[in-house]
Number of protein chains: 2
Amino acid sequence: MDPAGPGIDWLDDIMAEQSLPKAQNRVAEVIIRNPQLASYAEIAEIAARAEVNSSTVVRTAQSLGFLGWPDLQRELRSRYLTKISTEDTLVQHGEHSSPLRAALTRDMENLRLTLEANAPEEVEAAIATLAAAKSILVLGHGSYAAPASVMAHLGATMGYPITLESRGGVHLVSSTNTLGPGDVLVVINIWRSIGQMIAAAEAAHQAGATILTISDMRRGRLAAISEHLLVVPSEGIAFFQSVTATTSVVYGLLAGMQAAHPERSRETIRRSQQLWKDLDIHLD
Amino acid sequence: MDPAGPGIDWLDDIMAEQSLPKAQNRVAEVIIRNPQLASYAEIAEIAARAEVNSSTVVRTAQSLGFLGWPDLQRELRSRYLTKISTEDTLVQHGEHSSPLRAALTRDMENLRLTLEANAPEEVEAAIATLAAAKSILVLGHGSYAAPASVMAHLGATMGYPITLESRGGVHLVSSTNTLGPGDVLVVINIWRSIGQMIAAAEAAHQAGATILTISDMRRGRLAAISEHLLVVPSEGIAFFQSVTATTSVVYGLLAGMQAAHPERSRETIRRSQQLWKDLDIHLD
DNA sequence: ATAATTCTGCAATCATAATTGCAGAGTGAC
DNA sequence: GTCACTCTGCAATTATGATTGCAGAATTAT
């Protein structure tokens with residue numbers, strides 16, 4: 001553990017590899033100790049704290065392998081800005097218990113577990129598959145129709161060839177029938193699920209489609225035929241399961257899909273008015 | 001520390017005093033919706049989201065009494081960023097930064113803020129209203145149809161007289177027309193929204209129905225007629241807003257509703273097989 | 001409908017932050 | 001102690017972001 005308090009592992013790591021000169025070390029020190037500050041402060045502020053000229057700050061950033069200060073700063077932001085502490089919250093609100101509190105803390109825990117349960121490479125691979133898909137079909141029944149519809153809705157708005165099937169029976173059959181090699185079937189959170197859904201997925205798998213499953217089960221018939229499996233806890237309060245973590249995962253996939261297709265993204269930005277309207281950012 | 005809690009009440013307050021022109025209002029709302037982003041983004045980013053020229057952003061800042069954008073931004077940082085905690089939270093996960101990670105941490109933060117933004121008494125009152133309702137109608141359009149459908153679906157399965165309306169036009173009118181005293185209208189996250197929706201809510205209010213709003217805006221025409229207002233942040237990654245916190249709040253309400261009606265719950269348990277089937281907990 | 005007024009976008013201007021060339025200070029080797 | 005080399009600060013330069021004058025669009029009052 002870092003004796004200086006909460007530290008920046010990755011920065012520490014970089015620094016371990018090549019040792020910096022004295023002044024630059026001071027700069028790094030300042031950054032490590034005040035990541036929050038460093039994530040938005042301008043060079044002069046950091047320079048002052050390290051009692052160093054601002055050029056030295058730039059050079060430190062460059063020594064560490066970044067293009068310059070703004071580049072390092074971007075990295076800092078993405079790592080620290082959204083950091084939160086669950087314990088913090090628990091302490092602040094003490095024992096007071098309410099249904100809302102229960103739901104929120106439960107879901108925070110679910111999100112945390114999701115973070116632990118899925119390796120970044122796994123996620124990247126899933127995103128790559130989605131990005132390369134000829135077409136995408138999203139299945140989600142019952143409560144899980146909610147995240148499924150979010151995925152289909154936003155994905156389509158981004159320009160992806162993506163559709164939703166939240167119904168069963170004939171509809172399910174005819175939707176999955178057309179799938180073949182190059183197509184991707186996204187199956188969202190089934191719990192030992194409805195037989196016809198597994199059957200549909202297996203048929204699609206046979207036909208050459210790639211299966212991507214988002215589920216709370218690591219094993220099972222579905223897992224067996226899934227090229228990619230993302231695991232999400234779905235424990236809820238009271239009697240119901242929670243789709244919160246699933247929804248969040250869907251956002252992560254969508255963000256990755258957007259990053260994966262610069263050309264579509266550009267197109268997206270060009271049409272941002274329409275996009276944002278669809279996304280409910282619609283202002284008047 | 002801000003006694004009113006986290007978030008951007010102060011901005012709301014400023015806006016309440018003097019009303020801004022249309023474009024500037026859009027800018028203000030973008031800021032309120034994405035305080036974290038706004039605290040470090042440059043003007044162009046905000047301008048793009050509000051679909052406005054960057055000069056308008058400057059002018060908005062000035063209209064609100066600040067010197068310019070950097071000035072307003074400083075205020076945002078001091079009010080909002082310090083909340084995130086001055087002591088940095090430990091980085092549990094190595095250097096890898098992925099879209100999933102971004103989505104999850106963002107949503108965890110949203111949940112945390114939700115916890116801070118809603119007083120338990122407020123929530124209890126909302127639940128009491130729901131529990132006493134003669135009938136409940138849930139409205140949610142676009143992305144917000146997802147949490148709305150979860151609420152209607154699970155609420156109905158629990159035995160509540162609750163229905164969903166995610167469509168507009170005639171459907172919206174005829175659904176809201178029947179509301180009167182004793183009925184509750186739940187409006188989920190509307191952003192200054194579709195005029196007809198506000199109109200529908202106002203009509204229902206006139207007719208004596210109680211309005212319960214779940215929104216990311218503390219003020220507005222909707223807030224004005226709402227008996228109960230639950231505030232949820234909705235900042236997302238990439239281009240979209242997140243419905244995660246909203247979903248979680250819905251679970252909280254549902255849990256409270258269940259606890260409020262032991263007799264329905266008992267009935268629920270008796271029919272648990274059916275319930276679980278509907279809830280996707282389907283066990284065999 | 002028309003005029004007065006306000007608001008907005010564009011593009012030029014201005015301000016500020018980041019970077020780098022250079023000279024001198026510091027450091028270590030012999 | 002001297003030389004060779006690296007590092008740092010200063011100041012000039014470059015890049016980038018914020019602001020504002022102006023003309024046209026939109027809105028409001030009459």
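Sequence lines set the chain letters: A, B, ... in the order given, protein chains first and strands last, and positions in each chain run from 1. All values below were derived from every heavy atom in this structure, side-chain atoms included, with hydrogens, water molecules and symmetry-related copies excluded.
For the pair Y160(A)/L154(A), no side-chain contact is recorded, criterion being any heavy-atom separation below 4.5 Å from C-beta on. L253(A) is listed as a side-chain neighbour of I127(A), based on a closest heavy-atom distance under 4.5 Å.
The side-chain hydrogen bond (donor to acceptor under 3.5 Å, both in side chains) search around E227(B) returns none, not counting sequence neighbours.
The heavy-atom pair separating A209(B) from L179(B) by the smallest distance is CB-CB, 4.0 Å. Here the shortest heavy-atom pairing between N118(B) and L230(B) reads OD1-CA, 3.5 Å. The shortest heavy-atom contact between A38(B) and Q73(B) is O-NE2, 3.2 Å.
Annotation: the span from L111(A) atom CG to L115(A) atom CG amounts to 9.0 Å, rounded to 0.5 Å.
Under the side-chain hydrogen bond (donor to acceptor under 3.5 Å, both in side chains) test applied with S234(B), the options N110(B), D216(B), T246(B) reduce to a single match, D216(B).
Spacing between atom OH of Y40(B) and atom P of dG17(D) amounts to 15 Å, rounded to whole angstrom units. When the P atom of dA18(D) is taken as reference, atom CZ of F66(B) falls 16 Å away, rounded to whole Å.
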Heavy-atom protein contacts under 4.0 Å, nucleotides 8-22 of chain C, coded B base, S sugar-phosphate only, - none: SBB------SSBBBB
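End-to-end axis angle of the helix from dA1(C)-dT30(D) to dC30(C)-dG1(D), from C1' rotation axes over five pairs per end: 40° (rounded to 10 degrees).
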